*Asks:* 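Before I ask anything, here is the structure I am working with.
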Amino acid sequence: MPRQLGDLEDAVMTRVWQWNRPVTVREVLEDLQRERSIAYTTVMTVMDNLHQKGWVRREVEGRAYRYRAVSTRAAYAAALMNEAWSKSDNRAAALVAFFGMMSPEERQSLEDAVRIVQGAGGESAHNAEGTQGTRHGTGDAGERGEGEAPADAPGEPPPSAPPHSGD
């Protein structure tokens, strides 16, 4: 089961997931620098660590690597929720408490997801939607139709990508 990403790892992976294409360290750096002061070597180290941990794949292009997510943000969030839920000694009570924390919009999203799963004859929601949201560390995000996944959070702005630039 994956551990929660650190703050900088999450900031990097957010961009990799949103852009949904192979990205360079330079592209991630330039976007991160709009929010904070950060060195190229720091971003390079974080992306190398994410590669070593199995979060991204990388391919050489010229003198630089291009990184691509191995899994979707939705699959990552689902794995974290499943891990937290599995640690409860009373899963039903944990779900009731969790549902009680949801907004009406979030509960509607949950009901929609349950309908998708039920309509798929017990298959996973990702397969019912034409995506194979696999567990972290398996599959290739590019093969799963990652752009077809539902929004990660209500009210989240649509993904934006920086211009394609070399390293």
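FYI, the numbering just counts along the sequence from 1. Quick caveat: nothing in here was measured; it's all calculated off a predicted structure.
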*Asks:* Could you report the tightest heavy-atom contact between Leu32 and Ala11, atom names first, then the distance?
*Replies:* CD2-CB, 3.8 Å

*Asks:* Tell me if the centroids of the rings in Trp85 and Phe98 come within less than 6.0 Å of each other.
*Replies:* no

*Asks:* How long is the span from the CD atom in Glu59 to the OH atom in Tyr65, to the nearest 0.5 Å?
*Replies:* 11.5 Å

*Asks:* At what distance, to the nearest 0.5 angstrom, does CZ of Arg68 lie from CZ of Arg57?
*Replies:* 10.0 Å

*Asks:* Is there a side-chain contact between Thr42 and Leu8 in this structure, where contact means two heavy atoms from C-beta onward sitting under 4.5 Å apart?
*Replies:* yes

*Asks:* Is the backbone of Ala74 close enough, under 3.5 Å, to the side chain of Trp17 for a donor and an acceptor to pair up by distance?
*Replies:* no

*Asks:* To check you understand the geometry: which heavy-atom pair defines the closest contact between Asp48 and Tyr67, and what is its length?
*Replies:* N-OH, 4.3 Å

*Asks:* Applying a strict under-4.5 Å side-chain criterion to I, L, V, M, F, W and Y, I'd like to know whether Val43 and Val60 cluster together.
*Replies:* yes

*Asks:* For Glu9, enumerate each residue passing the side-chain contact (heavy atoms from CB on, under 4.5 Å) test, keeping only those at least two apart in sequence or located in another chain.
*Replies:* Arg3, Leu5, Val46, Leu50, Lys53

*Asks:* How about Ser86 and Arg91: does a side-chain donor come under 3.5 Å of a side-chain acceptor?
*Replies:* no

*Asks:* Any chain of hydrophobic side-chain contacts (each under 4.5 Å) joining Val114 to Ile116?
*Replies:* no

*Asks:* Any salt bridge between Arg66 and Glu61, counting N to O under 4.0 Å?
*Replies:* yes

*Asks:* Give, for atom CD of Gln4 and atom CD of Glu83, the distance between the pair rounded to the nearest 0.5 Å.
*Replies:* 9.5 Å

*Asks:* Are Val96 and Leu110 connected, step by step, through hydrophobic side chains (Ile, Leu, Val, Met, Phe, Trp, Tyr) whose heavy atoms are closer than 4.5 Å?
*Replies:* no

*Asks:* Assess the residue pair Val28 and Trp19 against the criterion (side-chain contact (heavy atoms from CB on, under 4.5 Å)); give the C-alpha distance rounded to whole Å, side-chain angles, the decisive distance to 0.1 Å, and a yes or no.
*Replies:* CA-CA 10 Å; Val28 174; Trp19 298 340; 3.9 Å; yes

*Asks:* Can a donor-acceptor pair be found, under 3.5 Å and without considering hydrogens, that links the side chain of Ser88 to the backbone of Ala84?
*Replies:* no

*Asks:* Nearest 0.5 Å please: distance from the CG atom of Leu95 over to the CE atom of Met81.
*Replies:* 10.5 Å

*Asks:* Hey, does Val12 have a side-chain heavy atom less than 4.5 Å from the side chain of Met47?
*Replies:* yes

*Asks:* CG of Asn90: more than 12 outside heavy atoms within 6.0 angstrom?
*Replies:* yes

*Asks:* Honestly curious: do Val117 and Met102 fall in one hydrophobic cluster under the side-chain, below-4.5 Å linking rule?
*Replies:* no

*Asks:* Can a salt bridge be assigned to the pair Glu111 and Arg107 using a cut-off of 4.0 Å between side-chain N and carboxylate O?
*Replies:* no

*Asks:* How long is the gap from CG on Leu29 to CE on Met44, to the nearest 0.5 Å?
*Replies:* 11.0 Å

*Asks:* Give, for atom CD of Glu30 and atom CD of Glu27, the distance between the pair rounded to the nearest 0.5 Å.
*Replies:* 7.5 Å

*Asks:* Do Arg73 and Thr14 touch side chain to side chain, with heavy atoms closer than 4.5 Å?
*Replies:* yes

